[in-house]
Amino acid sequence: MKLKLSGKLLQLLTLVLVVALIAGCGAKPAAPPAAKPAADKPAASTQIPPGPLKFATQSLGTSMYVYASTMGQLVTPVLPQGYTINVQTTSPGGVAAPYLIAEKKAELALGNAAPAKWAIDGTMLNRPPVKGVTALVGGLDAPVMLVVFTDAFVKKTGIKNMEELVAKKHPVKIAIKAVGALGEMACKEVLDTFGVKYETIKTWGGSVTHTGAPQVTNLLRDGQADITIDHVGVGQAAISELAMTSNIHFIQLSDDTIKKLNAKGWNTVTMPANTWKGQTNNIKTLSSGVVLLASADLPDAVAYAITKKLCESKTELGAAYAAMKEFDPATAWTPLKNGAPLHPGAAKYYKEKGYMK
């Protein structure tokens, strides 16, 4: 009995084992433990790392080059560790400055306030708006917009301002700088406030001649042109020569025209009497001074250091180039002197000084 019972027990155990094995073969494998979620990777920093900062300006011998080289020498010693200034003559002019920064061809560049606004707004020669462009220091100088009529033109026509000229649709002969120069853009902007284009002048029987500054002077002096509109530094050679060798009239723009040009980024200034020979009255006009533009990726500490040093170096800037004697650190932050939005690092300095809220 004992052996038989053991045999039955053995058979039962064997049967249970077989059933268990069969059940195990048909079961689904256990799911592996859930993987821990990967930690979020930090976003790649867009801030410009330490190294040489490309500072784009115009060629040797230009005022812009003097501005840039002077600024580079002033700010290099106060930059955060690892940063230096590399002045490069890669800018064709102040109009191009915002595009050099937006295209990351430079971290710093000298431009003009109004063209900077046009570039950011997307109204510059039908080009799309630029991004990533900010301003550090505006109003580094104070050029002036000039509207000049020859004495012969005034005596012949009796026309003494732009409003009369447009109202009469007079077949005027205009001599201005080459297309794309800021002086030429100043002419285009003034005419635009009256709804007048170059083609409009031609339909009146007039003409528009694009040429260099010396040639503009010659055309006006020789009676081959009646007026010019330009944007120049005080004491500019061509206008100085014209004023000394010819009788000319410096024309006052109306308040309405000035207001319209303010909306386009031009800053209102007063040209004191006797700024030019024959100019006996103060003239309210407009300006688009030089502004130091910077990449938005410039670290705040770098932007702050540059802004602080330049604003506290008015004497040194004026000694390097007379036009920079007009620089006013207290208003260097204002929109019409910059065109582009202030870099946060620059804004920090102006707020610390109480210049802006």
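Counting begins at 1 with the first residue of the sequence.
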Student: Should we count NZ of K168 as having more than 12 external heavy atoms under 6.0 Å?
Tutor: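 Atom NZ in K168 is crowded, with more than 12 foreign heavy atoms closer than 6.0 Å.
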Student: Which atom pair, heavy atoms only, marks the closest approach of L219 to T209?
Tutor: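 L219 and T209 have their closest heavy atoms at CD1-CG2, 4.1 Å.
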Student: So do E189 and K264 actually touch side chain to side chain, heavy atoms under 4.5 Å?
Tutor: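 When only atoms from C-beta onward are counted, E189 and K264 do touch, with a gap below 4.5 Å.
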Student: Identify every side-chain donor-acceptor pair in residues 72-83 under 3.5 Å, counting partners at least two apart or on other chains, and give the distances.
Tutor:
unit_1: T76; atom_1: OG1; unit_2: G72; atom_2: O; d: 2.6
unit_1: Y83; atom_1: OH; unit_2: I48; atom_2: O; d: 2.7

Student: So V147 and I227, do their side chains get closer than 4.5 Å, heavy atoms only?
Tutor: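 Of all side-chain heavy-atom pairs linking V147 with I227, none is under 4.5 Å.
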Student: Verify side chain to side chain contact (heavy atoms under 4.5 Å, CB included) between I283 and V144, making sure each step is shown before the conclusion.
Tutor: CA-CA 10 Å; I283 292 180; V144 289; over 6 Å; no
Student: Drop me the distance from N161's CG to L165's CG, to the nearest 0.5 angstrom.
Tutor: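 It comes to 8.5 Å.
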Student: Under 4.5 Å between any side-chain heavy atoms of T57 and Q88, yes or no?
Tutor: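 Counting from C-beta outward, T57 and Q88 never come under 4.5 Å.
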Student: How many angstroms lie between NE2 in H231 and CE in M185, if you round to the nearest 0.5 Å?
Tutor: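 The CE atom of M185 is 12.5 Å from NE2 of H231, to the nearest 0.5 Å.
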Student: Can you name the closest pair of heavy atoms from G180 and V95 and give their distance?
Tutor: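 Result for this residue pair: O-CG2, 4.0 Å.
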Student: Would you tabulate the side-chain donor-acceptor contacts of residues 244-252 under 3.5 Å, counting partners in other chains and residues two or more places apart, or write 'none'?
Tutor:
unit_1: T245; atom_1: OG1; unit_2: R221; atom_2: NH1; d: 3.3
unit_1: T245; atom_1: OG1; unit_2: E241; atom_2: O; d: 2.8
unit_1: H249; atom_1: NE2; unit_2: D151; atom_2: OD1; d: 2.8
unit_1: Q252; atom_1: OE1; unit_2: K284; atom_2: N; d: 2.9
unit_1: Q252; atom_1: NE2; unit_2: K284; atom_2: O; d: 2.6

Student: Mind checking the CG-SG spacing from D230 to C187? Nearest 0.5 Å is all I need.
Tutor: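 With rounding to 0.5 Å, CG (D230) is 9.0 Å from SG (C187).
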Student: With D300, which residues qualify under side chain to side chain contact (heavy atoms under 4.5 Å, CB included), at least two apart?
Tutor: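 For D300 the side chain to side chain contact (heavy atoms under 4.5 Å, CB included) partners, ignoring immediate neighbours, are H343, P344.
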Student: Kindly state each residue pair satisfying salt bridge (Lys or Arg N to Asp or Glu O under 4.0 Å) with at least one member in residues 340-356, sequence neighbours excluded.
Tutor: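 Every candidate salt bridge (Lys or Arg N to Asp or Glu O under 4.0 Å) pair involving residues 340-356 fails, so no pair, neighbours aside, qualifies.
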Student: Do NZ/NE/NH1/NH2 and the carboxylate oxygens of E164 and K160 come within less than 4.0 Å?
Tutor: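 Salt bridge between E164 and K160, a charged N being under 4.0 Å from a carboxylate O: no.
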Student: For the residue pair I306 and L292, what are the closest heavy atoms and their distance?
Tutor: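 That would be CG2-CD2, 3.8 Å.
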Student: Can you name the residues that form a side chain to side chain contact (heavy atoms under 4.5 Å, CB included) with A113, not counting sequence neighbours?
Tutor: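 Checked A113 against side chain to side chain contact (heavy atoms under 4.5 Å, CB included); matches are S288.
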Student: Throw together a table of side-chain donor-acceptor distances under 3.5 angstrom for residues 127-143, partners on residues two or more places apart or in other chains.
Tutor:
unit_1: T134; atom_1: OG1; unit_2: A294; atom_2: O; d: 2.9
unit_1: D141; atom_1: OD1; unit_2: V290; atom_2: N; d: 2.8
unit_1: D141; atom_1: OD2; unit_2: Y67; atom_2: OH; d: 2.9

Student: Got a sec, which residues hit ring-ring contact (aromatic ring centres under 6.0 Å, His included) with Y349, two or more places apart in sequence or on another chain?
Tutor: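 In terms of ring-ring contact (aromatic ring centres under 6.0 Å, His included), with neighbours along the sequence ignored, Y349 is linked to no residue.
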Student: Is V234 linked to Y321 within one hydrophobic cluster, defined over Ile, Leu, Val, Met, Phe, Trp and Tyr using a side-chain heavy-atom separation of less than 4.5 Å?
Tutor: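 No; tracing contacts between hydrophobic side chains, which count when under 4.5 Å, never links both residues.
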Student: How about V87 and Y65: do any of their side-chain heavy atoms sit closer than 4.5 Å?
Tutor: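 When only atoms from C-beta onward are counted, Y65 and V87 do touch, with a gap below 4.5 Å.
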Student: Under 3.5 Å, is there a donor-acceptor pair between the S59 and T62 side chains?
Tutor: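 No.
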Student: Can you list everything that forms a side chain to side chain contact (heavy atoms under 4.5 Å, CB included) with A96? Sequence neighbours excluded, please.
Tutor: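 Only P92 meet the side chain to side chain contact (heavy atoms under 4.5 Å, CB included) criterion with A96.
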Student: Among pairs that include at least one residue of residues 46-74, which meet salt bridge (Lys or Arg N to Asp or Glu O under 4.0 Å), considering only residues two or more places apart or in two chains?
Tutor: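 Only K54-E107 qualify under salt bridge (Lys or Arg N to Asp or Glu O under 4.0 Å).
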Student: Could I get the full list of side chain to side chain contact (heavy atoms under 4.5 Å, CB included) partners for V190, not counting sequence neighbours?
Tutor: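 By the side chain to side chain contact (heavy atoms under 4.5 Å, CB included) rule, V190 matches M145, M162, F194, I229, L253, L261.
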Student: Which heavy atom in G345 sits nearest to a heavy atom in A303, and how many Å separate them?
Tutor: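 Minimum heavy-atom separation between G345 and A303: CA-CB, 4.0 Å.
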Student: Ignoring hydrogens and angles, tell me if any N or O in the side chain of D121 forms a donor-acceptor pair with the backbone of T123 under 3.5 Å.
Tutor: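 Side chain of D121 to backbone of T123, a donor-acceptor pair under 3.5 Å: no, none is there.
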Student: Quick one: list whatever passes ring-ring contact (aromatic ring centres under 6.0 Å, His included) with Y99, sequence neighbours left out.
Tutor: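 Counting only residues at least two positions away or on another chain, Y99 forms no ring-ring contact (aromatic ring centres under 6.0 Å, His included).
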Student: If you round to the nearest 0.5 Å, how far is OH of Y198 from OG1 of T203?
Tutor: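 Taking OG1 in T203 and OH in Y198, the distance rounds to 15.0 Å.
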Student: Among the clusters formed by ILVMFWY side chains lying less than 4.5 Å apart, do Y304 and W333 turn up in the same one?
Tutor: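 Yes; W333 is reachable from Y304 via cluster members.
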Student: Just so I know, are the side chains of C311 and F327 near enough to count as touching, which here means a heavy-atom distance under 4.5 Å?
Tutor: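 Yes, at least one pair of side-chain atoms sits under 4.5 Å.
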Student: Is there a path of hydrophobic side-chain contacts, each under 4.5 Å between heavy atoms, that joins V154 and L146?
Tutor: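 No.
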Student: Give a yes-or-no answer on whether the side chains of T89 and Q58 include a donor-acceptor pair shorter than 3.5 Å.
Tutor: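 No, no side-chain donor-acceptor pair sits under 3.5 Å.
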Student: Salt-bridge test for E103 and K105: reply yes if a basic N is under 4.0 Å from a carboxylate O, no otherwise.
Tutor: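 Salt bridge: yes.
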Student: Side-chain heavy atoms under 4.5 angstrom apart, residues restricted to Ile, Leu, Val, Met, Phe, Trp, Tyr: same cluster for L242 and V216?
Tutor: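 As far as the 4.5 Å side-chain criterion goes, V216 and L242 are connected within one cluster.
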Student: Group every Ile, Leu, Val, Met, Phe, Trp and Tyr by side-chain heavy-atom contacts under 4.5 Å, then state whether I85 and L110 land in the same group.
Tutor: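 Same cluster.
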Student: So, do V166 and L191 sit near enough that their side-chain heavy atoms are less than 4.5 Å apart?
Tutor: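 Answer no - side chains too far apart.
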Student: Looking at L336, is its backbone amide N or carbonyl O close enough to the side chain of T334 to form a donor-acceptor pair, meaning the two atoms are under 3.5 Å apart?
Tutor: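 No; zero donor-acceptor contacts below 3.5 Å.
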Student: With rounding to the nearest 0.5 Å, note down the distance linking CG in N112 to NZ in K337.
Tutor: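 With rounding to 0.5 Å, CG (N112) is 13.5 Å from NZ (K337).
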Student: If the threshold is 4.0 Å, N to carboxylate O, is there a salt bridge linking K188 and D192?
Tutor: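 No, no charged N to carboxylate O under 4.0 Å.
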Student: Minimum heavy-atom separation for E163 and S254, please, with both atom names.
Tutor: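 Heavy-atom minimum between the residues: OE2-OG, 3.0 Å.
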Student: Walk me through whether D297 and K104 qualify under salt bridge (Lys or Arg N to Asp or Glu O under 4.0 Å).
Tutor: CA-CA 10 Å; D297 294 334; K104 300 189 183 302; 3.2 Å; yes
Student: Ignoring hydrogens and geometry, is there a side-chain-to-backbone donor-acceptor pair from T228 to A175 under 3.5 Å?
Tutor: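 Checking the backbone N and O of A175 against the side chain of T228, a donor-acceptor pair under 3.5 Å is found.
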Student: Before accepting this row, confirm whether a basic side-chain N of the pair K156/D226 lies closer than 4.0 Å to the acidic partner's carboxylate O.
Tutor: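 D226 and K156: not salt-bridged.
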Student: Could you measure the distance from the CD1 atom of I201 to the OG atom of S207? Nearest 0.5 Å is fine.
Tutor: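 Between I201 CD1 and S207 OG, I get 9.0 Å after rounding to 0.5 Å.
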Student: May I have the step-by-step check of salt bridge (Lys or Arg N to Asp or Glu O under 4.0 Å) for K260 and D256, ending in yes or no?
Tutor: CA-CA 6 Å; K260 289 178 180 177; D256 181 60; 3.4 Å; yes
Student: For a 4.5 angstrom cut-off between non-hydrogen side-chain atoms, does L286 reach I258?
Tutor: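 With C-beta onward as the side chain, the pair touches.
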Student: Of all the heavy-atom pairs spanning Y350 and P329, show the shortest one and how long it is.
Tutor: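 That would be CE2-O, 4.0 Å.
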Student: Donor-acceptor pairs under 3.5 angstrom involving side-chain atoms of residues 268-280: please list them, not counting sequence neighbours.
Tutor:
unit_1: T268; atom_1: OG1; unit_2: N262; atom_2: OD1; d: 3.3
unit_1: T268; atom_1: OG1; unit_2: N262; atom_2: ND2; d: 2.9
unit_1: T275; atom_1: OG1; unit_2: P272; atom_2: O; d: 2.5
unit_1: Q279; atom_1: OE1; unit_2: T275; atom_2: N; d: 3.2
unit_1: Q279; atom_1: OE1; unit_2: W276; atom_2: N; d: 3.3
unit_1: Q279; atom_1: NE2; unit_2: M271; atom_2: O; d: 3.3
unit_1: Q279; atom_1: NE2; unit_2: P272; atom_2: O; d: 2.9
unit_1: Q279; atom_1: NE2; unit_2: N281; atom_2: O; d: 2.8

Student: For the side chain of S313 and the backbone of E316, is there at least one donor-acceptor N/O pair under 3.5 Å apart?
Tutor: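 Pair absent, no side-chain N/O of S313 close to backbone of E316.
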